[in-house]
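Numbered from 1 within each chain, the chains take letters A, B, ... in sequence-line order.
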There are 2 protein chains.
Amino acid sequence: MPIPKPTAERLSQLARLLEQRAARSGTISSSEIQQLTGWPSHTIRKDISSLAAAIGASANGAAEPDFSTTSGYDQAKLASAIRKALGFTNEQRKCCIVGLGRLGSAFLEYAGFQGSSFELTAGFDSNVNRVEILKADFPLYPAFKMKEVIQRTGIAYAVLCVPPQQAQGTADRLVECGILGIVNFTPAILSVPHGIEVENVSVIDALGSLTARLAAKKTHERSEQ
Amino acid sequence: MPIPKPTAERLSQLARLLEQRAARSGTISSSEIQQLTGWPSHTIRKDISSLAAAIGASANGAAEPDFSTTSGYDQAKLASAIRKALGFTNEQRKCCIVGLGRLGSAFLEYAGFQGSSFELTAGFDSNVNRVEILKADFPLYPAFKMKEVIQRTGIAYAVLCVPPQQAQGTADRLVECGILGIVNFTPAILSVPHGIEVENVSVIDALGSLTARLAAKKTHERSEQ
DNA sequence: TATTGTGAACGCGTTCACAGCA
DNA sequence: TGCTGTGAACGCGTTCACAATA
């Protein structure tokens, strides 16, 4: 029984949240989670129920779950169960940054990758100067080495931070290099062949979602009165 | 008849795409859009159908749509109809950037806001040095002026780019200032009161979605064989 | 023939209500 | 009593199949 995508997203956030407050008392209830996240408690219980089902299905004779005391969930155990079920702990997927301008270079010192199942292993920029000046924990290369490096080191994903005019062209090159997925920080809409996935990340889209949700909430409240 | 949220998101992207290729021939078919975006053509037709319904519902005696020739949709007309229906062209919503480190300061020269319905009107940082050194088209302030500036100028949204340890505290302050929505670029999970909306933007989450989609596609292909 | 347009069926995640348990 | 857990009903977006239009 596969975990539904929206459920997986909530669980992933929940795991982050639990790890953040690791210092607190060992147990948390679904209604406390509701308070922290805004998700209804029954949704959370259902999500965790899906999680347990998914674990039980694959755990043929292995150790059973065992979060769920009488007063909530064991935070540490729940968090690690989520991580395991969502395929974290598996081998790290290698990623690269393409485009080391202001935005791209911000990732060079971004701490969020530690503890995730993704690993930054390369950066590329067409400007050789940048490549030489910037410092990172992983090697930076001029753009013409992209194909060689990606294929040799087995990089699966690219984080695209080039100027919008170069976005589609660079995406095409990345596909040629054998990349599987692109996280697109560019405002451009990318066209890619079947089998390649693009995830768009955009402040503007995020602001649009906010506006839509606030508008929906308003009309909802109106209809409640 | 309100436009469903997923539909609105697709239409929003579609509008961006149409505007990008404004130079091309004036008409585009649903199957061409399928090729460019990967969405099935019937989904696109349904989406545009929803759009037409939404416009027709509010256009009491006003001009009717009129994209839809016999060989596709008029690109320019469709794009502007989408923008109108999704509430763009309305008064701009004011936004501010909070935290002017590497990531936050990248937005100071980000072009994506032009032509959107959002406008950057202020930046804040607790480090007075940064505020004085950085240059932007809009004023930058030290953090202690947040409340005064946000309330005086009517800023509705904040883009949160502070270090993760300060995320929750800063979010709390923003809520006190009367902000309605927060775009959270921090890996921290934020708790906010009812009525305030948070949209999380995270590379890690985006990579996670990519992985999930690729995995789903693989098992789907397997079951098709 | 090549397109849009749409009512109806479907599938899936959400919600509900209540059973189970400590 | 206060919590988790879950089958069943519900609602909504997607998908399908076919009518409509040129």
Checklist entry - Taking A/Ile33 as the fixed residue, which of A/Ile28, A/Leu17, A/Thr43 is the one that meets the side-chain contact (heavy atoms from CB on, under 4.5 Å) rule? => result A/Ile28
Next on the checklist: Tell me whether the count of non-hydrogen atoms from other residues, nucleotides or ligands lying under 6.0 Å of CD in A/Gln151 goes above 12.
Outcome noted: yes
Checklist entry - Of B/Ser49 and A/Arg10, whose closest DNA chain C nucleotide lies nearer the 5' terminus? => result B/Ser49
Next on the checklist: In this structure, how many angstroms lie between the P atom of C/dT4 and the CD atom of B/Gln75, rounded?
Outcome noted: 12 Å
Item to check | Candidates C/dT4, C/dC16, D/dT15 - which lies nearest the side chain of B/Lys46 | outcome: D/dT15
Checklist entry - Under 3.5 Å, side chain of B/Thr170 to main-chain N/O of B/Gln166, donor-acceptor pair present? => result yes
Next on the checklist: Among D/dG5, C/dT15, D/dT15, which nucleotide has an atom closest to any side-chain atom of A/Ile48?
Outcome noted: D/dG5
Checklist entry - Nearest of C/dT3, C/dT14, C/dC16 to any side-chain atom of A/Pro6? => result C/dT14
Checklist entry - Rounded to whole angstroms, how far apart are CD on A/Gln34 and C1' on C/dT14? => result 14 Å
Item to check | Whole-Å distance separating the CD1 atom of B/Ile44 from the C1' atom of D/dG13 | outcome: 15 Å
Next on the checklist: Is it the case that atom CD in B/Glu32 sees more than 12 heavy atoms from other parts of the structure closer than 6.0 Å?
Outcome noted: yes
Item to check | Salt-bridge criterion met for A/Arg93 and A/Glu119 (N-O under 4.0 Å) | outcome: no
Next on the checklist: Quick one about A/Tyr157 and B/Thr211 (side-chain donor to acceptor, distance below 3.5 Å, no hydrogens or angles considered), yes or no?
Outcome noted: yes
Checklist entry - Quick one: A/Trp39 CH2 to C/dG13 P, roughly how many Å, whole number? => result 16 Å
Checklist entry - Please give, in whole Å, the distance from D/dC3 P to A/Phe67 CZ? => result 19 Å
Checklist outcome for this item: Whole-Å distance, A/Asp74 CG to D/dT4 C1', equals 14 Å
Checklist outcome for this item: Of the listed C/dT4, D/dT4, C/dT14, the closest approach to the A/Ser68 side chain comes from D/dT4
Next on the checklist: Between B/Tyr110 and A/Phe185 (judged by ring centroids, cut-off 6.0 Å), do the two rings come close enough to count as a pair?
Outcome noted: no
Checklist entry - Of A/Arg45 and B/Thr69, whose nearest nucleotide on DNA chain C comes first from the 5' end? => result B/Thr69
Under 3.5 Å, which protein N or O atoms sit close to an N or O of nucleotides 20-22 of chain C? Give each pair with its distance.
none

Next on the checklist: Applying a 4.0 Å non-hydrogen cut-off, can you work out what B/Ser31 is touching in the nucleic acid: base, sugar-phosphate, or nothing?
Outcome noted: nothing
Checklist entry - For the pair made of CG in B/Asp66 and C1' in D/dT21, what is the distance, rounded to whole Å? => result 16 Å
Checklist outcome for this item: Taken to the nearest whole Å, CG/B/Asp47 to C1'/C/dG5 is 13 Å
Checklist entry - At under 4.0 Å, does any side-chain N or O of B/Thr7 touch on OP1 or OP2 of D/dG13? => result no
